[in-house]
Every structure is written in C-alpha cells, then in structure tokens.
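Here is the naming used below: chain letters follow the sequence lines, and residue numbers restart at 1 for every chain.
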2 protein chains.
Amino acid sequence: MTTTTRDKMIAGAADLMSRRGVNATSMRDVVRHTATPRGSISHHFPDGKRQLIAEAVTFAGKQVSIPLEKAMNERGVIGGLRAFVASWRRQLEATGFEAGCPVLAVAVDRYVGEASDRDDETAQQHLLDLADGVFADWRQIMRTALLREGLAAERSERLATLVVASIEGTVAMCRASRSTDALDQVQEELETVLSTALARTAG
Amino acid sequence: MTTTTRDKMIAGAADLMSRRGVNATSMRDVVRHTATPRGSISHHFPDGKRQLIAEAVTFAGKQVSIPLEKAMNERGVIGGLRAFVASWRRQLEATGFEAGCPVLAVAVDRYVGEASDRDDETAQQHLLDLADGVFADWRQIMRTALLREGLAAERSERLATLVVASIEGTVAMCRASRSTDALDQVQEELETVLSTALARTAG
DNA sequence: CCACAAATATGACAGTTGTCATATTCCAGT
DNA sequence: ACTGGAATATGACAACTGTCATATTTGTGG
C-alpha cells in the first residue's frame, strides 16, 4: 500500500502520545518507534509536527468511536458501556499501564511550536478543537443510544458527558496507580446509574 | 520570608504545568513567569526539575484538599461537592480556560529527564506515585464524608472514585471546549447520584 | 565592623528538538 | 528503455533544554 509509511507514523505518534504526552513525543521518537524513514516526515506531513499530532488525534478518535458505535447498536447502552470500559482496560493492562488516551494528552499537554506570531494561538486552538470534536463525537454516540432507549434529551446528554468524562479521568488515574481498581469502581457505579435511569423510564 | 523565592517557584511551576503540561514547562519559563532568580534553581532544588515538579504536585494537592476537607466538614457531602466543582469552575473561567489540573498533567504527560539508567524508570514512578497519592487523598476525603453520612464502606469508596475521576476528566474536556457546559452537566448528575444514594440510606 | 553562609547572578556545557535543503532511490506510465 | 514525480536518505541549522561551575551579592550573628 502507498500510505503504509504515513499510517504507521500516525499510529505510532498516537501510541507514543498516549504513553508520554505530546511534547515528550519527538518526531525522531516516532520514526525510531515505527521504523519509518525520517526523511519522509516533511513529505507526508508538510505542516510538520502539528499536522502529525492532528492526524493522530482524529485517528485515535475513530479507533474508539467506530467500535463504540457498533457495540451500542448491537448490545444496547449497558453493553456498549461495558465494551467501552473493556477496551480501555485492555489498553491499560496490555501496556503495563503505560498507554492512556492520546486525545486527553492533547487536551492536557499543549503543544508549543514556533512561538511569536498569532499563528501560535490559533494553531493551538486548532488542536484543542480537534480533541474537543473527538470528545463530542464519543458523547454523541452515547447520547444517541440513551435517547433510543427512551431517556429524555437533556438527561441523555448529561449522562453521556458523565460517562465519557469519568472514564477519561479514570484511565488517567489508573495509569498513576498502575491498577484497574478505579476503573472497576467507576464501571459499577456508571452501570448502576444508567440502569436505574433507564428503568425509571420503562417503569 | 526566607522561602518566598522557593514558594513562588513551586506555585509558578504548578500554574504553568496546569496550563501547558509538564514537558512544555521549562525551568527558564518558571523563572520568567515568577520573576525569580534563575541562579537559585539549583540552590533551592538541588535534585533539579524532577524535584520542582514533585513539590508542585504536592503543593497543588494540598491547595485542593485542605479547602475540600473543610467544606465537607462544614457543609456535608453535597455542599462539599459543590465547593469542589465551584473551585474548578473558578479556575477555568478566571484563566480563560487555560489552566487545568497540574496533578492530571503529571499523570498524563510523563516527564522524561536524563535517560539511560534505571533511575529513569524509578524516578518516573516516583512522580506517578505522587500524583496517585494526591488523587487518593482527594478520594479519601470524599469517602470519609460519605461514610459519615451513613453510606456503606464499599459504596462510599466507589462513589468517591467516581466523583474525583469524573471531575478530573470534565475539567480537561472543558479546557478543550472552552466552556463549562460539561462541568454543569456532570455536577448535576453527580448531585443526583449522591442525593439518591444518601436518601436510600436514610429512608 | 567583620566574617561566614545563604542566596543570587552569569555564563558555559552537551544533548535534543523541529525544520529545511539537498541528494538519491524507487517505481508506474508510456 | 526512459522519464517524471513520488518517496526516501542524509546532513546541517538555529533554538532551546537541564545542569553545572564559578563569581558575586546579600543578610545576619559575633
């Protein structure tokens, strides 16, 4: 495939960003980690590191949202939540609690490129907008599933936000504690909250 | 006071870390931002940047936990939750959604110092342990307050984890969206969850 | 007033970063 | 076979990083 090198760079950047953060991930690290040619960076990403980060964020976003939407459609809200949590647990355990969420990394760890100009400010916001769009995407999937099972619009939106935010926070905390205990606890409470909210609707 | 320079450096480091992340905060940035003498860094922090980060994390931890514990004692669980959320909302709005949580920054954005030796691995874990300790501290305060109002031990622990994790995640999301909407939504749902859990106990 | 340690100033160090310019290789289309 | 553009290789650039060594200042106890 023609785009293999490019895709490997994007996936490798997302992986490294999720482990170390944005600024601790250098382009030389990416080519080392993915065994890709360094000379191709400026060819595949003419706008430099900022473009690579941007593509890594949308890549990571889809990598989560596509199976999430599928699970929601096939297994309902509770099943979808379980799949969502399970995928994060898998990622934590498979990497020895090294990898977290690259989208959260962009939201927390601002990339500081060439300073001075007002390009700086606007380019920063471009990356933040991208991360915000991914979070909004995930929330939207959750919200739609809750709506479909009969929950009110505003309640669905609030619960969707709670689910995404709490799991993002929990994944970061699990990385710090090198344990999935927090994830287990949050999963149980979220299941309880969603179940009772849906039961109240049905009853 | 003798420790004014030192304290200004610690507070400034915590502030910059909460805005840009750990690796995007250089020691030269800290002295620029706090108008402190650069030559004093190695004097006040002989172990270098890692020590400054460590002190900034514990400083930020206490800055949250002390008023949180006070609010929990004076106003109960719901009041304490409201104070907790309000302090984060204040921080977001006062800084134009620039500042987030420096402890989360340490958990997400790994500081990469001098490589090679196994010091690397253990020193990394020292910072992660510190962040984990702060999160555990906040959770403990929440858990104790829930216990005191009659909730079962395991439920208290789970709910405390949910509260801290969801708010940490929400603050990061709000920084990305430059809006407190997510915080409003999460606050409302958390209040509902805690209220019904406590009501079930009392009734 | 003096001495002595704490605090600050200043400059240098090797290493890394993102970016770019220039060469070289690869490979499909004719 | 060959040509033209895509892809890769290689090295260099200035800027920045954390750290350290070496002055110089400051403030306080004698």
Side-chain angles (χ1 to χ4, degrees), chain A residues 1-10 12-13 16-17 19-57 105-106 109-117 119-120 123-124 126-127, chain B residues 1-10 12-13 16-17 19-57 105-106 109-117 119-120 123-124 126-127:
Chain A
M1 202 185 306
T2 318
T3 52
T4 284
T5 291
R6 222 184 98 101
D7 291 347
K8 277 202 284 188
M9 284 179 173
I10 293 173
L16 287 179
M17 283 160 53
R19 295 171 186 264
R20 319 177 186 176
V22 173
N23 287 287
T25 299
S26 73
M27 320 223 63
R28 286 166 164 91
D29 281 339
V30 173
V31 307
R32 255 189 299 264
H33 188 252
T34 58
T36 45
R38 189 184 120 227
S40 303
I41 291 181
S42 50
H43 191 259
H44 291 300
F45 308 95
D47 287 348
K49 185 174 182 178
R50 178 156 277 131
Q51 182 183 359
L52 178 58
I53 298 171
E55 308 228 28
V57 168
V106 169
D109 183 16
R110 292 211 183 172
Y111 170 60
V112 288
E114 62 302 328
S116 65
D117 255 350
D119 297 338
D120 193 34
Q124 300 266 10
H126 174 58
L127 284 182
Chain B
M1 201 185 306
T2 318
T3 53
T4 285
T5 291
R6 223 185 97 101
D7 291 347
K8 278 202 285 188
M9 284 179 173
I10 293 173
L16 287 179
M17 283 160 52
R19 294 172 187 263
R20 319 179 185 173
V22 173
N23 288 288
T25 299
S26 73
M27 321 224 62
R28 285 166 164 91
D29 282 339
V30 172
V31 308
R32 255 190 299 263
H33 188 252
T34 58
T36 45
R38 185 182 125 231
S40 304
I41 291 180
S42 50
H43 191 257
H44 291 299
F45 308 95
D47 287 347
K49 184 174 184 179
R50 179 156 278 131
Q51 182 183 0
L52 178 58
I53 298 171
E55 307 228 28
V57 168
V106 169
D109 183 17
R110 292 210 182 174
Y111 169 60
V112 287
E114 61 307 322
S116 64
D117 255 352
D119 296 339
D120 192 35
Q124 301 266 10
H126 175 57
L127 285 182

Would you kindly give the CG-to-C1' distance between A:D47 and C:dC20, to the nearest whole Å? 14 Å
Is there a side-chain contact (heavy atoms from CB on, under 4.5 Å) between A:M17 and A:V57? Walk through the geometry before answering. CA-CA 9 Å; A:M17 283 160 53; A:V57 168; 4.3 Å; yes
For B:L127 and B:V106, the nearest pair of non-hydrogen atoms, with its separation, is O-CG1, 3.8 Å
Once you round it to whole Å, what is the distance between P of D:dG18 and CD1 of B:I53? 9 Å
Could you tell me the separation between the CG atom of A:N23 and the P atom of D:dT17, rounded to a whole number of Å? 11 Å
Atom CG of A:D47 and atom NE2 of A:H126: how far apart are they, to the nearest 0.5 Å? 9.0 Å
Tell me the interatomic distance from B:H43, atom NE2, to C:dA5, atom C1', rounded to whole angstroms. 9 Å
Under the criterion side-chain contact (heavy atoms from CB on, under 4.5 Å), I'd like the reasoning laid out for A:F45 against A:M27: C-alpha separation, chi angles, the key distance, then a yes or no. CA-CA 11 Å; A:F45 308 95; A:M27 320 223 63; 5.8 Å; no
For a quick test of reading the model: is some side-chain N or O of A:T5 closer than 4.0 Å to OP1 or OP2 of D:dT8? yes
Quick check for you: to the nearest 0.5 Å, what is the distance between B:L52 atom CG and B:M9 atom CE? 8.0 Å
What is the distance, rounded to the nearest whole Å, between atom NE2 of B:H44 and atom C1' of C:dT8? 8 Å
Starting from P on D:dG18, measure out to CZ on B:R32 and report it in whole angstrom. 10 Å
If you find the nucleotide of DNA chain D closest to B:K49 and the one closest to B:G39, which residue's nucleotide is nearer the 5' end? B:K49
Report the residues that fulfil side chain to side chain donor-acceptor pair (under 3.5 Å) with B:R32, sequence neighbours left out, ordered by chain and then residue number. B:D29
Can you give me the closest heavy-atom contact between A:H44 and A:Q51, atom names plus distance? O-NE2, 4.1 Å
Between A:N23 and B:A24 the two heavy atoms that sit nearest each other are ND2-CB, 3.5 Å
Short heteroatom pairs, N/O only, protein and nucleotides 12-16 of chain C, under 3.5 Å:
from   : atom 1 : to    : atom 2 : distance (Å)
C:dA12 : N6     : B:R28 : NH2    : 3.3
C:dA12 : N6     : B:R38 : NH2    : 3.3

Taking for each residue the nucleotide of DNA chain C bearing the nearest heavy atom, is the 5' side occupied by B:S42 or by A:D29? B:S42
Would you list the atom pairs, donor with acceptor, under 3.5 Å between side chains in residues 33-42 of chain B and any protein atom, with sequence neighbours excluded?
from  : atom 1 : to    : atom 2 : distance (Å)
B:T34 : OG1    : B:V30 : O      : 2.6
B:T34 : OG1    : B:T36 : OG1    : 2.6

Provide, to the nearest angstrom, the distance between the CD1 atom belonging to B:I41 and the C1' atom belonging to C:dA7. 13 Å
Mind calculating the distance between CZ (A:R6) and P (D:dA6) to the nearest angstrom? 14 Å
Below 3.5 Å between N/O atoms, which protein atoms pair up with nucleotides 24-26 of chain D? Just atom names and distances, please.
none

